[in-house]
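Data first, discussion second: the structure below is written as structure tokens.
Along the sequence shown, residues are numbered consecutively beginning with 1.
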Amino acid sequence: MVKKLSSTPQADGFYMPGEFSEHRGCWMLWPERPDNWRLGAKPAQEAFARVAREISRFEPITVGVSRQQYENARHLLPETVRVVELSCNDAWIRDTGPSFVKNGNVLRAVDWKFNAYGGLKGGAYFPWDQDQLIAEKVAQIEGVDIYPAPLILEGGSIHVDGEGTCLTTEECLLNPNRNPELTREKIEELLRQYLGVEKILWLKRGVYKDSTDGHVDNMACFVRPGEILLHWTDDEEDPQYPISREALEYLERTPDARGRKLKIHKIHQPGPLFVSEEESKGLDLGEIQARGGSRLPASYINYYLPRGGVIVPLFADPYDQPALELMEKLYPRREVVGVFSREIILGGGNIHCITQQVPQ
């Protein structure tokens, strides 16, 4: 029987492993809300199905789908993908699903609080009641005990190296629309307790115009312990340049939890890319429809690491091929697969945002 635990992962000897560690599977959700996904979400569903199909080549994958969309999703997804009925307000399982922690062969889940990226003070949508239940439902299906965490946090706002270091941004975790009653020191304490980490690396900002208030999973990630991949541009006139330069300088002078000097790899951003007028007209009027001319926070950092693979977002951009070539150098023992994902970034995120790994 699955239990809700009153202790913390740190107290019980649990920690969150890096995403590059072995997985036993992956979770996704199915997009459908028409004010975020254009043309009734049909193009987005095709993109999600492409991502799920590629991941299923490497590891077991489950897609949560609403009752209304079950038959449609089952038709579009390959037989290798498990489909379960699971209600949601939107399809960002990286942010609404559980973060998994482990101790030896025992796996448990952390259930963070969720307020749709800012609640009633700048949040993306309302209500978010079904999204708040996703972490517990996934944990129940996976058969693992749950740590309810007293912190509003989205999974895309953190990356860990599995060796004591957590990477995040001040722009998101210190935003007053998340946990206004908590100091930076208290948030750090809770991250240590619920991720089993020792040191927090604080980038100031995330990718320019990122609607998540600067999630780190669009800006920087651990390739492996001691190595970080950083979103970059060589264009000094681009608003992204000072953000990336600031992050680079911080990471170059800040050691990780093991005292190692970090090795930084730069990956050039695509574009910049913008929402077209045609794309914006395909959205229903609502809370989160994109406007024509809006800049997209497109980034190759937003990739997923299934067992033996690297699933990389592509944008039909000149920087796509250099990005794939760099990934092949960074992950020589993995198969690098590019998936065209413009329909996903039009909704505000990308491949990493719509996936959640279950560690081995």
Side-chain angles (χ1 to χ4, degrees), residues 18-20 94 155-173 197 199-210 212-258 260-273 295-305 310-315 317-332 334 336 338 341 345 349-353:
E19 187 175 323
F20 41 76
R94 175 66 54 179
S157 69
I158 55 170
H159 262 300
V160 298
D161 69 352
E163 295 188 358
T165 309
C166 174
L167 183 65
T168 189
T169 69
E170 295 180 0
E171 181 183 359
C172 184
L173 257 61
V197 297
K199 184 171 184 175
I200 318 301
L201 300 182
W202 291 94
L203 304 183
K204 286 195 177 297
R205 296 175 284 177
V207 171
Y208 180 66
K209 291 293 185 180
D210 190 332
T212 63
D213 299 313
H215 274 189
V216 79
D217 74 344
N218 222 25
M219 181 68 186
C221 66
F222 288 104
V223 176
R224 57 186 59 86
E227 292 188 38
I228 285 178
L229 185 59
L230 177 65
H231 184 73
W232 186 259
T233 178
D234 292 324
D235 182 1
E236 297 185 13
E237 301 302 315
D238 192 295
Q240 181 60 42
Y241 182 81
I243 299 173
S244 293
R245 169 60 63 181
E246 178 182 63
L248 176 65
E249 292 173 353
Y250 170 79
L251 292 169
E252 286 181 333
R253 68 173 183 267
T254 308
D256 66 11
R258 298 288 180 91
R260 291 175 292 218
K261 179 178 174 58
L262 294 165
K263 183 176 182 179
I264 314 300
H265 306 276
K266 300 174 187 174
I267 190 165
H268 204 286
Q269 69 179 9
L273 307 178
R295 177 158 167 167
L296 293 166
S299 168
Y300 299 111
I301 297 287
N302 213 294
Y303 62 93
Y304 179 71
L305 291 173
V310 187
I311 312 299
V312 184
L314 299 180
F315 306 94
D317 187 87
Y319 285 105
D320 284 0
Q321 189 59 36
L324 291 174
E325 291 171 0
L326 177 58
M327 291 294 187
E328 288 172 350
K329 292 178 182 177
L330 294 176
Y331 297 102
R334 293 175 179 263
V336 176
S341 63
I345 190 60
N350 222 302
I351 291 172
H352 192 259
C353 302

Subject >> Pairwise distance SG(Cys221) to CD1(Ile228) - rounded to 0.5 angstrom >> reply: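 Going from SG on Cys221 over to CD1 on Ile228, the span is 8.5 Å.
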
**OP:** Output the distance between atom CG (Leu230) and atom NE2 (His268), rounded to the nearest 0.5 Å.
**Re:**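 Between Leu230 CG and His268 NE2, I get 11.5 Å after rounding to 0.5 Å.
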
Short question: side chain of [X], backbone of [Y] - any donor-acceptor pair under 3.5 Å?
X: Asp235; Y: Glu237; value: yes
X: Ser244; Y: His231; value: yes
X: Asn302; Y: Cys353; value: yes

**OP:** Check whether the ring centres of Tyr250 and Trp202 lie less than 6.0 Å apart, and answer yes or no.
**Re:**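 No; Trp202 has its ring centre 6.0 Å or more from that of Tyr250.
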
Original post:
Centroid-to-centroid, Tyr319 to Tyr300, below 6.0 Å?
Top reply: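 Not close enough - the centres of the two rings lie 6.0 Å or further apart.
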
Subject >> Salt bridge present between Glu171 and Arg205 (N-O < 4.0 angstrom) >> reply: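 Result for this pair is no, no salt bridge flagged.
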
Original post:
Taking 4.0 angstrom as the limit, do Glu249 and Lys204 come out as a salt bridge?
Top reply: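 No, no charged N to carboxylate O under 4.0 Å.
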
Original post:
Who pairs with Asp213 by side-chain contact (heavy atoms from CB on, under 4.5 Å), at least two apart in sequence or on another chain?
Top reply: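 By the side-chain contact (heavy atoms from CB on, under 4.5 Å) rule, Asp213 matches Asn175, Asn177, Arg178.
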
**OP:** State which residues pass side-chain contact (heavy atoms from CB on, under 4.5 Å) with Leu326; sequence neighbours excluded, sorted by chain then number.
**Re:**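 For Leu326 the side-chain contact (heavy atoms from CB on, under 4.5 Å) partners, ignoring immediate neighbours, are Leu229, Ile267, Leu330.
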
Original post:
Just wondering, more than 12 heavy atoms not from Lys266 lying within 6.0 Å of its NZ?
Top reply: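 More than 12 within 6.0 Å, yes.
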
Subject >> Residue pair Asp217 / Tyr304, side-chain heavy-atom distance below 4.5 Å >> reply: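 No. Closest side-chain heavy atoms not under 4.5 Å.
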
Subject >> Pair His159-His352, ring-ring contact (aromatic ring centres under 6.0 Å, His included): steps then yes or no >> reply: CA-CA 11 Å; His159 262 300; His352 192 259; 5.0 Å; yes

Subject >> Residue among Arg295, Arg245, Lys209 satisfying salt bridge (charged side-chain N to carboxylate O under 4.0 Å, His left out) with Asp238 >> reply: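 Exactly one candidate clears the test, Arg295.
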
